[in-house]
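Before any comments, here is the structure.
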Amino acid sequence: MFGPKNHDCRTRRIPSQGNSARRVQRAVLGADFTQKILCPIAPIGSVRGGGASLPPLSICINTQTPLVQFLPPTDDVRGNEAAGAPSTLDGLREGIDYRYSPGGVTRMVYPLVRRLLHERVLDQAHWVALNPTGPRLIRIGELTLHNLSIENARMAGYGKVKEAIWGRIHELDAVEEHDDLFWSDAFSEYAYYNRFTAELIRSLDKELDFDAFYIHDFQQLAVGHMLSTLKPKIFRWHIPFDASTIPEKWRSMLSTYLNSYDVVVVSARRYAKSLLALRPKGKIVRLYPYVDPADYSLPENGPILAASQRIGLQPADEVALVVGRMDPIKGQDLVIDAMATLALSYPLLKLVLVGNGSFSGSQGGLGLSKSAVWRAHLEEMVKERGLEGRVVFTGHLGQEELDCMYQRCRFSILPSVREGFGLVAVESWLHGRPVIVTERAGIAELVRDGGNGLLFAPDAPGALVHQMQRLLDDRSGKLSARLAKNGRVTAKKCSLDAAERAEAELLTDVTEAS
Amino acid sequence: MIGLASLLNLLLPYWPVAVIVALTVLLAWLVGWLVGRLIRGGSPQMAVAARRLAVVMVGLIGGTLALQALGVSPDILLLVVALLGVTALVALRDPLGNYGAKYFSDIYTPFKVGDTIEVKGYSGKVIEINPMTTVLLSDKEQLVSVPNASMIHDVVVNTSPQAWKEVIIPVSISGNIDLPAFESDLLKTLSKLRARLDPRFPPVVTTKARSPQSTDLTLTLMLRRPEDRDAITAETNKRLTEVLDRVRAGRR
């Protein structure tokens, strides 16, 4: 979806910010939370590589979700492995033999690693991830993917714990439900998975002598502690962080794990502030998540029309777009309810829901059924509210069709009841479409209501309906144009260019400090 | 042939010595193993020390008997050993005292690197425990070196919050043990003790040192009641041994 690709000749690329992104805001939180450092962006070569005195780095990245999923595991790849040669994607077809994993983490990490390798900030990168159906090793240029798998019996326990952490952090489950989580048998399997991962990383480190470790997301939190190395370790916490939601009985364990990292990166200022409650020993850094504008295109009318017809949209339809995996946390139900209120007054309004399950929910991944259950629930809601024909479920869309949907819509909505950040709002801005954003998303701190987007509180009755009406009633298009124009400017803060500088500095700081 | 016969004639009178040495080696191994089995539920350091002491005692007795078989008077030998021992003890009294104190404080003194303690009017964070001294970093960022002997002779106050709760059990496992499986099984079995442990602090396994031959870990437990310390330590050591046996046998 966002791997190296040839853009269709019928599309225009969304202009990248290039070197125009001259400043990136980064808050470094230590003893004095109010201290804020604005880092002027210097040419990338002065940080690492590019003829500078500092040698490029070798890092090990760890995520739960693998960059590439196989559909299903292919004999070609297995054959390569059996022959002892490193596997590659050469000769395999994207979308048929494999796909790039959907979801924010891999979508962010891969373009960044690609860029840092290209800019010689990194000279090699190894990426360890859980991939039960993948071959052991895949090489994509200078990036090596190491896939690991654990026995199904252990996977079940691991899945249970990660879903429990997810549910509690997102306040879907009550505190009492998971009070004894870290004493459960399932937790011993979570520990097993993390230790297993740490052991693989340790053996790679023995061979390759990494300069730093970059661990992503809460599923991998214990890996840093289990690595037991003095080398620098960075942890990126991708989901929301609100210390008040964390059960008392979880705190010491979370602290133990977080304390093993030199830096903990979060996606929003309020998460950083809240994280201070656990008093982590390392630095807390806020870095906005990002996308690579080069991965998005502005399709011409032909492809937009074709994509619209394929999913049953009529030319006159006014489309409200929601992009997100099928998960209760994503709040698609709120938009269906809002649609029920607006359907009669706005007969041309159609709601398009794009998205499938995550890696955890997919057959090629962990096979948890959460997304299928949620989609069935949403379909039932549509039926009950008499909205058949007004709500379209597209499932997963490839990047080009997704670009078409952004171009086709009047506005997009990020309705999550909890959201670590919400890069889909940035995608909407890149496509010049106004976006209605939940206050519960990390990106809400970048949204000025009526300036570059519209904000709503998901638990306030009628709030979403009101904001949708503002855009639907904007017949002159002035409001939409203003939101879109200002949104494009805000999107620069969440671009790969901005992230490249900030992440390169972070890696340089942490490796030099060590 | 003449040479070999002469050599045999020369060595023949000493066969009892060879037998005594061989028996001593065998007995030392057997006694060491037995002692290890007998106190397997206790502290691992104590077990190692007791095994070593038993082996040395058997070796000393065997050596004395061997010398006696050679015609050397054991009285003279024992006198020489005793004199050398006394001389060494007098000459190295302080360092040996510190070393011994360090050895025992590892087992009995309730503090570790990272804790804040008060001893002999000094207070600070323990940043190093070497064979001779315990080094504290004071609030004024001064390094305070306290002889280990003081840790045995003087009153030591551990002022770290919740220090009384903490039980740290060192675990050394062979390098060929499946560490993820070991840790997973250990956490599972220790969760059965949770009624006796502070529910806010689940057990934590930390890797301290690695080599191809072995992995040194620590297991940190937090007690619910201070009087349970000995019972929990003994029970945990017993369970540790069981888990190791299970993982070795490849069972789960």
Side-chain angles (χ1 to χ4, degrees), chain A residues 148-158 161 175-176 178-203 205-206 221-230 246-260 278-279 281, chain B residues 114 125 160-163 165-168 170-173 175-212 214-224 239 243 246-247 250-252:
Chain A
L148 61 84
S149 68
I150 58 173
E151 305 141 53
N152 284 343
R154 292 195 188 273
M155 191 86 95
Y158 159 69
V161 171
V175 171
E176 307 76 49
H178 305 300
D179 223 16
D180 279 335
L181 183 71
F182 293 119
W183 293 91
S184 65
D185 281 1
F187 179 70
S188 72
E189 309 301 5
Y190 176 87
Y192 178 92
Y193 163 66
N194 274 258
R195 179 70 76 177
F196 192 83
T197 306
E199 289 291 284
L200 173 59
I201 295 175
R202 202 183 69 84
S203 67
D205 184 41
K206 214 168 155 189
L221 183 60
V223 168
H225 172 78
M226 291 171 174
L227 276 175
S228 297
T229 173
L230 293 175
I246 294 174
E248 185 62 27
K249 287 182 187 172
W250 289 18
R251 289 183 173 229
S252 87
M253 208 57 163
L254 290 183
S255 290
T256 299
Y257 292 152
L258 285 168
N259 282 341
S260 65
L278 292 190
R279 300 167 188 262
K281 285 182 183 165
Chain B
K125 188 175 187 175
S160 311
Q162 298 175 322
K165 285 177 173 286
E166 201 169 60
V167 177
I168 296 180
V171 184
S172 188
I173 60 172
N176 57 17
I177 293 278
D178 179 349
L179 180 56
F182 170 74
E183 179 174 9
S184 176
D185 198 344
L186 183 61
L187 292 177
K188 206 174 281 183
T189 188
L190 289 176
S191 71
K192 307 283 189 293
L193 302 179
R194 69 173 163 221
R196 300 272 181 175
L197 298 170
D198 187 326
R200 296 168 301 163
F201 302 94
V204 176
V205 176
T206 307
T207 318
K208 290 294 176 188
R210 300 291 288 256
S211 74
S214 66
T215 302
D216 294 336
L217 310 163
T218 57
L219 170 65
T220 307
L221 304 171
M222 298 291 258
L223 302 172
R224 201 184 275 246
R239 285 172 184 256
V243 170
R246 269 202 300 274
V247 175
R251 294 199 306 266
R252 285 194 59 231

Discussion item. Would you say that more than 12 heavy atoms from the other residues, nucleotides or ligands in this model lie under 6.0 Å from the NZ of B:Lys125, or not?
Written reply: no

Worksheet item: For atom NZ of B:Lys208, is the number of surrounding heavy atoms from other residues, nucleotides or ligands below 6.0 Å larger than 12?
Response: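 Atom NZ in B:Lys208 is not packed in, count stays at 12 or less.
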
Worksheet item: Going from CG on B:Asp178 to OH on A:Tyr192, what distance comes out if it is rounded to the nearest 0.5 angstrom?
Response: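 Going from the CG atom of B:Asp178 to the OH atom of A:Tyr192 covers 5.5 Å.
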
Fill in: Straight-line distance of A:Asn194 CG to B:Glu183 CD, nearest 0.5 Å
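Reported to 0.5 Å precision, the distance equals 9.0 Å.
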
Worksheet item: Which heavy-atom pair separates B:Asp198 from A:Trp183 by the least distance, and what is that distance?
Response: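 Nearest heavy atoms, B:Asp198 then A:Trp183: O-CZ2, 3.4 Å.
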
Practice prompt. For residues A:Met253 and B:Pro203, report the shortest heavy-atom separation together with the two atoms involved.
Written response: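 Taking every non-hydrogen atom into account, CE-O, 3.8 Å.
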
Fill in: Side chains of B:Thr207 and A:Arg195, donor plus acceptor under 3.5 Å
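Looking only at side-chain atoms, A:Arg195 and B:Thr207 do form a donor-acceptor pair, the distance falling under 3.5 Å.
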
Worksheet item: Distance-only, no hydrogens or angles: does the B:Ser184 side chain make a donor-acceptor pair with backbone N or O of A:Ser188 under 3.5 Å?
Response: yes

Worksheet item: With chain B, which of A:Glu248, A:Met226, A:His225, A:Arg251 has the greatest number of heavy-atom pairs at distances under 4.5 Å?
Response: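 Counting heavy-atom pairs under 4.5 Å, the top option is A:His225.
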
Discussion item. Among A:Ser228, A:Ser184, A:Ser260, A:Ala222, which residue has the highest count of heavy-atom pairs closer than 4.5 Å to chain B?
Written reply: A:Ser228

Worksheet entry | Residue part contacting chain A, namely of B:Thr220, when any heavy atom lies under 4.5 Å | neither

